Amino acid sequence: MGYGKEYGTLLETIAKEADAIAMRYFRADELRTERKGDGTAVTQADRAVEEMARAKVAGSGLPLDVLGEEMGGGDAKSASASGRARMIIDPIDGTEEFSRGIPTFGTLMGIESNGEIVAAMVSAPGLRSRWWAYRGEGAYRDGKRLHVSSVTSLSKSMVFTTGTGPSKNAQDQIKIRALVDAARNSRAFGGFWQHMLVAEGAIDAALDWTSKPWDLAPLGIIVEEAGGRSTNVQGKRTIYTGDFLSTNGLLHEEALALLQ
């Protein structure tokens, strides 16, 4: 059985209901935003989506653990050692944007098995888009097969990054700016959408710097199945070090050299 057949129905079911919950609260008067201990935003929609997703997993009959942003559920610093597959979920990635009425938010899900993400879905109802990939089965947006760009040098590229705000130290800011300065065009954006744009071939590289595994879990496999490459800035395929670089593959080594 392929990963699409094994996990596709569950991911699609959760994504459909997550979209409905998110859009019920998006730009609604009843939306309430709080600040967690780390200063990040959370709303009742974040909690409702994660609670729903956990219930769907529990009712699916699949042997899956769950690690989520809002409710935890396991080690968030390394791959699961339990021997069971697990879903890693960010119920609403981009809560800051969501809470401000900006449509660049989405539900992120990745299925991790034996340390590898084997199934992934990103659903962004505000953008009216959904992306998915299953290991060895290609990457898609709304049913259309995705392919990364063919740009061969940063000097001809468009690059999105997480920006150089105060959450980064001076040395990190220098590295990020070096990548930005090497590109023909650049934007400070961050979040899941920039990596989906790499998978689509719309841009050529995307960089996040201080992310959690639930922010990153589905992104790499979607980029890879579209023909690209996703690693940390040391060139390792991992979602557990915070930093995350996606490119069309052709630019990856050039970009990594600037980020060391």
Side-chain angles (χ1 to χ4, degrees), residues 1-16 18-19 53 64 79 85-90 93-94 104-152 157-161 189-208 211 213-232 235-239 244-253 255:
M1 179 186 295
Y3 295 116
K5 288 187 177 180
E6 186 171 5
Y7 297 115
T9 298
L10 175 64
L11 294 181
E12 290 166 10
T13 299
I14 293 172
K16 182 178 180 180
D19 287 356
L64 279 176
R86 70 175 176 180
M87 173 183 285
I88 304 174
I89 181 169
D90 189 340
D93 185 59
T104 50
F105 62 88
T107 297
L108 278 56
M109 297 176 282
I111 305 293
E112 181 186 67
S113 179
N114 296 316
E116 186 82 9
I117 301 296
V118 298
M121 187 165 287
V122 173
S123 195
L127 299 174
R128 298 182 180 180
S129 294
R130 187 176 295 169
W131 300 262
W132 63 86
Y134 301 97
R135 185 65 65 189
E137 299 176 31
Y140 297 84
R141 184 195 67 201
D142 302 326
K144 180 181 178 181
R145 185 80 179 255
L146 301 181
H147 301 280
V148 296
S149 73
S150 57
V151 174
T152 57
S157 72
M158 174 169 270
V159 172
F160 281 20
T161 75
F189 195 84
F192 74 90
W193 194 30
Q194 61 172 346
H195 298 272
M196 298 302 92
L197 292 173
V198 171
E200 294 176 12
I203 66 172
D204 312 300
L207 177 68
D208 275 299
S211 297
W214 41 79
D215 300 314
L216 305 174
L219 309 183
I221 184 176
I222 294 173
V223 171
E224 289 175 349
E225 289 291 321
R229 186 177 172 193
S230 294
T231 71
N232 67 6
K236 182 180 179 182
R237 291 174 67 252
T238 179
I239 60 173
F244 201 71
L245 173 70
S246 292
T247 75
N248 63 3
L250 302 172
L251 304 176
H252 209 81
E253 292 301 326

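It should be emphasised that the depicted structure is a prediction, and the values quoted were computed from it without experimental measurement.
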Check: [Y] and [X] side chains under 4.5 Å, non-hydrogen atoms:
X      : Y      : answer
Leu251 : Val159 : no
Pro218 : Met109 : no
Asp142 : Ser129 : yes
Glu12  : Trp132 : no
Asp93  : Val122 : no
Met196 : Ile222 : yes
Leu108 : Trp214 : no
Met87  : Ile14  : yes

Distance check, rounded to the nearest 0.5 Å: [X] atom [atom1] versus [Y] atom [atom2]?
X      : Y      : atom1 : atom2 : result
Leu216 : Ile221 : CG    : CD1   : 14.0 Å
Tyr7   : Leu64  : OH    : CG    : 5.0 Å
Ile203 : His195 : CD1   : NE2   : 8.5 Å
Ile239 : Asn232 : CD1   : CG    : 11.5 Å

Report yes or no: does [X] contribute a side-chain atom to a donor-acceptor pair with the main-chain N or O of [Y] at less than 3.5 Å?
X      : Y      : result
Glu137 : Tyr3   : yes
Asp204 : Ser149 : no
Asp208 : Gly191 : yes

Intermediate values then yes/no, side chain to side chain donor-acceptor pair (under 3.5 Å), Thr247 and Arg229:
CA-CA 6 Å; Thr247 75; Arg229 186 177 172 193; over 6 Å; no
Under the criterion side-chain contact (heavy atoms from CB on, under 4.5 Å), which of Leu219, Thr238, Val223, Leu207 is the partner of Phe244?
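Exactly one option meets the side-chain contact (heavy atoms from CB on, under 4.5 Å) with Phe244, and it is Leu219.
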List the atom of [X], the atom of [Y], and the distance in Å for their closest heavy-atom pair.
X      : Y      : result
Met121 : Ala15  : SD-CB, 3.7 Å
Ala205 : Val198 : C-CG2, 3.7 Å
Asp19  : Pro125 : OD1-CD, 3.3 Å
Ile117 : Gly110 : CG2-CA, 4.4 Å
Gly115 : Ala79  : CA-CB, 3.8 Å
Ala124 : Phe192 : CB-CZ, 3.9 Å

[X] atom [atom1], neighbour heavy-atom count above 12 within 6.0 Å:
X      : atom1 : result
Arg128 : CZ    : no
Tyr140 : OH    : yes
Asn114 : CG    : no

Would you please test Phe189 and Leu197 for side-chain contact (heavy atoms from CB on, under 4.5 Å) and show each step?
CA-CA 12 Å; Phe189 195 84; Leu197 292 173; over 6 Å; no
Which residues pass the side chain to side chain contact (heavy atoms under 4.5 Å, CB included) test with Thr152, not counting sequence neighbours?
Leu250
Listed by chain and number, what are the salt bridge (Lys or Arg N to Asp or Glu O under 4.0 Å) partners of Glu224, not counting sequence neighbours?
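Applying salt bridge (Lys or Arg N to Asp or Glu O under 4.0 Å) to Glu224 gives Arg135, Arg237.
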List for me each residue that meets salt bridge (Lys or Arg N to Asp or Glu O under 4.0 Å) alongside Asp215, sequence neighbours excluded, and say none if there are none.
none
In sequence, state the C-alpha distance, the side-chain angles, and the governing distance for Thr231 and His252, and then conclude on side chain to side chain donor-acceptor pair (under 3.5 Å).
CA-CA 9 Å; Thr231 71; His252 209 81; 2.9 Å; yes
